[in-house]
Number of protein chains: 2
Amino acid sequence: MRSAKDDRRVKYTKMVLKESFIKLLSKKDISKITIKEICEDADINRATFYAHYSDQYDLMRKIENELLENISSYITEFAKKSNNFNDVELIEKIFEYIKENAQLCKLLLSKKGDLDFQKRVMMLVYDKNLIDLTNEGIFSREYADYIYSYTITGCVGIIQKWLEDGMDKSTRFMAEMIIRLTTYNNAPK
Amino acid sequence: MRSAKDDRRVKYTKMVLKESFIKLLSKKDISKITIKEICEDADINRATFYAHYSDQYDLMRKIENELLENISSYITEFAKKSNNFNDVELIEKIFEYIKENAQLCKLLLSKKGDLDFQKRVMMLVYDKNLIDLTNEGIFSREYADYIYSYTITGCVGIIQKWLEDGMDKSTRFMAEMIIRLTTYNNAPK
DNA sequence: TTGACTATTAAACACAGTGTTTATTATATT
DNA sequence: AATATAATAAACACTGTGTTTAATAGTCAA
């Protein structure tokens, strides 16, 4: 069962292209990065780039999706190993992951990054693991949807600030704060 | 006191360039929009574009700043006219402005827009007019900063959802919800 | 290790858009 | 009406794009 995806050459090509792209992204905005430039840095033929990606934005999107998958399995792994954990610990895991992968995360989760992607990261936690506000009957349906949006984007803002400040607060401090801020008890039925 | 800014020709040039750019932006991503394309649509010489803007991102930034100023004066105007108003009414004004300028606001405030700009819009309200959480002594300084980030970006998320849903909730409904969500009473000193 | 497979390569291509300059024309302001 | 200057058309060299070609080199399964 031979697949191009498993070919060492392909793996190498994609790896170095991603590395060079990230290196460039830390220096300038994606709109100013050219494909020629990425390929020269990676020492990969330009035609080869086009065999895998349509442009720098496509490459970016694929890096984002990979990060998303990595965070997801990181959390799943944690949930499997420890059979007794609470919400704070789970959210702490997210912060730990970000800290361990700070270089990339700083680029993708900063205020210059793509908000839609950042929301998806937050949804990883909230969709699967946290209290469903509607089911608890605290809020009406129409309220719950808005609260969900508020919570998700609010958390994005928190993480951005944490990254901007050089991640000086502990992961535990952050996780506890998030839990506190996202637990509402002051809205009408 | 003659200034190039006041020249009718300049005003016209800038106006049609902005119009064409916004028209294009509603059809495709800014990264796919070329200066040649903008100029052809606006029927303006390309050299003239460069006399005013460095590229499409520069043009975008200037449109954003203008919108920001317009919202700001819209609010100031309201505050001047009515000598008795509360926070809900003030926030309602923001929603009203967005509704009145839906075409542009949908582009700049949507999830594809620039988060940093969107935060600045939210700060217009929060910095000047709403309760200073720290001063009230409810939160410690380090908490207050994070709560501020959470609140600002959270509000961005709410407005995005409102726009995505076709602004079907009333401006009053939205304003009251925002007030309710951004009034915290469950954090430690 | 061999042989089939295929990813990568260098080179070339036409093409589109960039950013700037030049002399000329058109318009605005006082 | 005179002066100032914004906008223009045309041309420029240049950079990057996306694709194609035939040759090369690396990979994997038997």
Side-chain angles (χ1 to χ4, degrees), chain A residues 1-66 69 107 112 114, chain B residues 1-66 69 107 112 114:
Chain A
M1 201 66 45
R2 185 161 181 197
S3 154
K5 245 189 155 183
D6 301 323
D7 195 309
R8 285 182 194 174
R9 292 170 294 184
V10 176
K11 279 184 185 169
Y12 174 80
T13 299
K14 288 185 174 178
M15 185 191 72
V16 288
L17 282 176
K18 278 171 196 161
E19 281 176 2
S20 295
F21 176 69
I22 289 165
K23 193 206 283 182
L24 289 166
L25 199 59
S26 69
K27 290 179 198 155
K28 53 172 143 176
D29 193 85
I30 186 169
S31 65
K32 305 285 182 240
I33 297 175
T34 67
I35 291 159
K36 187 170 182 266
E37 194 176 17
I38 299 168
C39 293
E40 270 170 10
D41 187 277
D43 196 26
I44 293 289
N45 193 280
R46 211 150 49 78
T48 309
F49 179 98
Y50 287 112
H52 297 293
Y53 310 103
S54 61
D55 56 26
Q56 67 267 54
Y57 297 93
D58 184 38
L59 172 55
M60 171 82 144
R61 228 173 301 124
K62 278 167 180 161
I63 291 174
E64 285 175 349
N65 289 337
E66 242 172 60
E69 275 173 35
L107 289 175
K112 301 191 92 185
D114 173 34
Chain B
M1 200 66 44
R2 181 161 186 198
S3 151
K5 247 189 153 182
D6 301 324
D7 195 308
R8 286 182 192 174
R9 292 169 294 184
V10 176
K11 279 185 185 169
Y12 174 81
T13 299
K14 289 186 174 179
M15 184 191 71
V16 288
L17 282 176
K18 279 171 196 160
E19 281 176 1
S20 296
F21 176 69
I22 288 165
K23 194 206 284 182
L24 288 166
L25 200 58
S26 68
K27 290 180 198 156
K28 53 173 145 177
D29 193 86
I30 186 170
S31 65
K32 306 285 181 239
I33 297 174
T34 67
I35 291 159
K36 188 171 181 263
E37 194 176 18
I38 299 168
C39 293
E40 271 169 10
D41 186 276
D43 197 27
I44 293 289
N45 193 280
R46 211 150 49 77
T48 309
F49 179 98
Y50 287 112
H52 297 293
Y53 310 103
S54 60
D55 55 26
Q56 68 268 53
Y57 298 93
D58 183 39
L59 173 54
M60 170 80 144
R61 226 172 304 122
K62 278 168 180 161
I63 292 175
E64 284 175 349
N65 289 338
E66 243 173 58
E69 274 173 34
L107 289 175
K112 302 190 92 184
D114 173 33

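The sequence lines fix the lettering, A, B, ..., with proteins before strands; numbering per chain opens at 1. Quantities reported herein were computed from a predicted structural model and do not represent experimental measurements.
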**Study point:** Pair listing, ring pair (Phe, Tyr, Trp, His ring centres under 6.0 Å) test, anchored in residues 29-61 of chain A, at least two apart
**Key:** Phe49(A)-Tyr53(A)

Check your understanding: How long is the gap from CD on Glu66(B) to CD on Glu69(B), to the nearest 0.5 Å?
Key -> 7.5 Å

Practice item. Please report, rounded to the nearest Å, how far the P atom of dT6(C) is from the CZ atom of Arg8(A). Key: 17 Å

Practice item. Respond yes when some side-chain nitrogen or oxygen of Thr13(B) is under 4.0 Å from OP1 or OP2 of dA7(D), and no when none is. Key: yes

Check your understanding: When the distance from OH of Tyr12(A) to C1' of dT8(C) is rounded to whole Å, what number comes out?
Key -> 12 Å

Study note, to complete from the structure: To the nearest angstrom, the CG-C1' distance between Asp6(B) and dT27(C) comes to 16 Å

**Study point:** Evaluation steps, side-chain contact (heavy atoms from CB on, under 4.5 Å), between Asp55(A) and Lys32(B)
**Key:** CA-CA 11 Å; Asp55(A) 56 26; Lys32(B) 306 285 181 239; 3.0 Å; yes

Exercise for review: To the nearest 0.5 Å, tell me how far Lys36(A) NZ sits from Ile38(A) CD1.
Suggested key: 12.5 Å

Exercise for review: Answer yes or no: is there an ion pair linking Glu19(A) with Lys23(A), defined by an N-O contact shorter than 4.0 Å?
Suggested key: no

Revision key, fill the gap. The side-chain hydrogen bond (donor to acceptor under 3.5 Å, both in side chains) partners of Thr13(B) (sequence neighbours excluded) come to none

Exercise for review: Give a yes/no on whether any side-chain N or O of His52(A) is located under 4.0 angstrom from OP1 or OP2 of dA7(C).
Suggested key: no

Study note, to complete from the structure: Sorted by chain and number, sequence neighbours left out, salt bridge (Lys or Arg N to Asp or Glu O under 4.0 Å) with Lys28(A) holds for Glu37(A)

Check your understanding: Separation of Phe49(A) atom CZ from dA10(C) atom C1', in whole Å?
Key -> 19 Å

Revision key, fill the gap. Each nucleotide of nucleotides 12-25 of chain D classed B (base within 4.0 Å of a protein heavy atom), S (only sugar-phosphate) or -, in 5' to 3' order, makes ----SBBBB----B

Study note, to complete from the structure: In DNA chain D, stems of three or more consecutive pairs, Watson-Crick or G-U, each with both distances under 3.5 Å, turn out to be C:1-12 with D:19-30, C:14-18 with D:13-17, C:20-30 with D:1-11

Exercise for review: Give a yes/no answer on whether the side chain of Thr48(A) brings an N or O atom under 4.0 Å of OP1 or OP2 in dT9(C).
Suggested key: yes

Review point. CD1/Ile33(B) to CE/Met60(B) distance, rounded to the nearest 0.5 angstrom?
Key: 8.5 Å

Review point. Between CZ of Arg46(A) and CD1 of Ile35(A), what distance do you get to the nearest 0.5 Å?
Key: 8.0 Å

Exercise for review: Strictly below 4.0 Å, heavy-atom distances to any atom of DNA chain D: list the hits from residues 18-31 of chain B, or just say none.
Suggested key: none

